[in-house]
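Quick note: residue numbers are just sequence positions, from 1.
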Amino acid sequence: MVTYIARRLATGLVLAVLVTLITFLLLSTSFDRVTAAVLGPAATPELIGPMKARLGLDRPVLVQYFDWLGHVVRGDFGTSYFTSEDVVHAVTGRLGVTLSIILVALLISVVVSVALGVLSAVRGGVADRVAQGLSLTGHLVPGLLIAIGLVFLLAINLKLLPATGYTPFAENPGQWAATIAIPVIVLVVNGIANMTAQIRGSMIDELRKDYVRTLRSRGIPTRSVVYRHALRNAAGPALTVLSLEFLQMFGAALIIENVFALPGFGSYAFNASLQGDVPIIMGITLFSILLVVSLNLVADLVNGWLNPKARVH
């Protein structure tokens, strides 16, 4: 297990170097535009050269990249070209907004999906048709259309929830819940669509296996067979979907946060990309890679704990 973890981490580090290198090479094609953006309306050819040298963007691209990588290894991720804000502080300071939305949406999605998936697999009939109908609806209806419909209904017509803005939880928990309600619903609809189908399919497969028939023949209650045995074994594939769903929601935050004017990680990444804020873009890229690698590793370890057959050595 230790060897497996070390191997996965080493692979993740190699991946991080390759992706950040490619990202930096792509960004290097717009260094002149970035320098002009930093100078603002006063940018002239005479000023762009000195500012580019001041930012260190006039050096060979590979020299710049490995200089950045060396600073990262020492814990220095640089500062924003436009706000002089430390990259780590800028990213982590906005991450709480995004995570508060994603984690709430993920929790609701898991609870509803497990309930619908298990009910659909065990009882079939109407419950199965309802679960499949909800899953199909979630896949067919675009999230942006759902967001617009909810804003029109809940914010404009009924005036129950704010259409935009964000209130920190520490400041006002009730207002915080109101400001994230519509974004959470948008993410939950898609989350339920993805996870319900997976849980339903995994549960149907498990309930058809010989060990389930053996347990039932021994007089073990159906509830115990379903939840203590079948659901635990079906949790492995569902856990993989859960980790992918987290990453999908993380990516969807880029659109959701811009639609609802939320000061989170996604909107910050979007604005940094438009500005060409190289240190921020590189920091966000590296963080995203490490997040994906860490999440997949955790999912594998939990899957191994739930299902000994899936363990790696």
Side-chain angles (χ1 to χ4, degrees), residues 1 4-5 8-9 11-12 15 95-122 127-128 130-141 143 146 180 183-207 209 226-257 264-266 287-312:
M1 180 62 72
Y4 171 75
I5 294 175
R8 288 292 298 271
L9 292 177
T11 303
L15 178 65
L95 192 59
V97 177
T98 302
L99 288 180
S100 67
I101 298 170
I102 293 175
L103 293 179
V104 171
L106 206 59
L107 177 62
I108 296 173
S109 299
V110 169
V111 172
V112 175
S113 298
V114 170
L116 286 175
V118 171
L119 189 64
S120 172
V122 173
D128 189 30
V130 169
Q132 292 189 64
L134 290 174
S135 180
L136 184 62
T137 301
H139 281 113
L140 292 179
V141 182
I146 296 174
I180 71 169
V184 164
I185 294 172
V186 175
L187 294 177
V188 164
V189 170
N190 187 257
I192 290 175
N194 292 331
M195 288 189 283
T196 298
Q198 178 62 56
I199 293 172
R200 172 186 174 275
S202 297
M203 282 297 296
I204 290 175
D205 289 341
E206 289 299 322
L207 292 174
K209 290 183 177 179
V226 170
Y227 291 101
R228 291 188 58 186
H229 300 279
L231 183 58
R232 177 166 181 166
N233 290 330
L239 186 64
T240 301
V241 173
L242 178 63
S243 63
L244 294 175
E245 188 61 34
F246 178 90
L247 296 175
Q248 183 174 328
M249 287 184 178
F250 205 82
L254 187 148
I255 299 174
I256 295 295
E257 290 174 1
F265 181 88
F287 174 83
S288 301
I289 297 167
L290 296 179
L291 177 66
V292 172
V293 172
S294 301
L295 193 61
N296 287 333
L297 178 59
V298 171
D300 287 344
L301 295 176
V302 174
N303 188 21
W305 174 72
L306 289 173
N307 183 6
K309 294 181 180 179
R311 292 177 187 171
V312 290

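The side-chain contact (heavy atoms from CB on, under 4.5 Å) test applied to Ala193 returns Ser135, His139, not counting sequence neighbours. For Phe287, the ring pair (Phe, Tyr, Trp, His ring centres under 6.0 Å) partners are Phe265, not counting sequence neighbours.
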CA sep, side-chain torsions, deciding dist, call: Gln198, Leu242, side-chain contact (heavy atoms from CB on, under 4.5 Å): CA-CA 10 Å; Gln198 178 62 56; Leu242 178 63; over 6 Å; no
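Residues Glu206 and Ser202 bring no donor and acceptor atom of their side chains to less than 3.5 Å of each other. A donor and an acceptor atom, one from each side chain of Thr98 and Glu257, are located under 3.5 Å apart.
We find the OG1-CG distance between Thr11 and Asn296 to be 11.5 Å, quoted to the nearest 0.5 Å. Rounded to the nearest 0.5 angstrom, Leu207 CG and Ile204 CD1 are separated by 8.0 Å. Note that CG of Leu290 and CG of Leu295 are 12.5 Å apart. Values are rounded to the nearest 0.5 Å. The distance from atom CG of Asn233 to atom CZ of Arg228, rounded to the nearest 0.5 Å, is 12.5 Å.
Scanning both residues, Asn194 and Val241, for their nearest heavy atoms gives O-CG1, 4.1 Å. The two residues Met203 and Leu231 come nearest to each other via the heavy atoms SD-CA, 3.6 Å.
Listed for the Ser100 side chain is a donor-acceptor partner under 3.5 Å among the backbone atoms of Val97.
Side chains of Met249 and Ile256 form no contact here, defined as non-hydrogen atoms less than 4.5 Å apart. The shortest side-chain heavy-atom distance between Gln248 and Asn190 falls under the 4.5 Å cut-off. Within the 4.5 Å cutoff, the side chain of Ile192 has heavy atoms near those of the Leu116 side chain. Side-chain contact between Val293 and Leu297: absent, with no pair of heavy atoms (C-beta onward) separated by less than 4.5 Å.
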Distance-only donor-acceptor hits, side chain of residues 102-115, under 3.5 Å, sequence neighbours excluded:
unit_1 : atom_1 : unit_2 : atom_2 : d
Ser109 : OG     : Ala105 : O      : 2.7
Ser113 : OG     : Ser109 : O      : 2.6
Ser113 : OG     : Thr196 : OG1    : 3.4

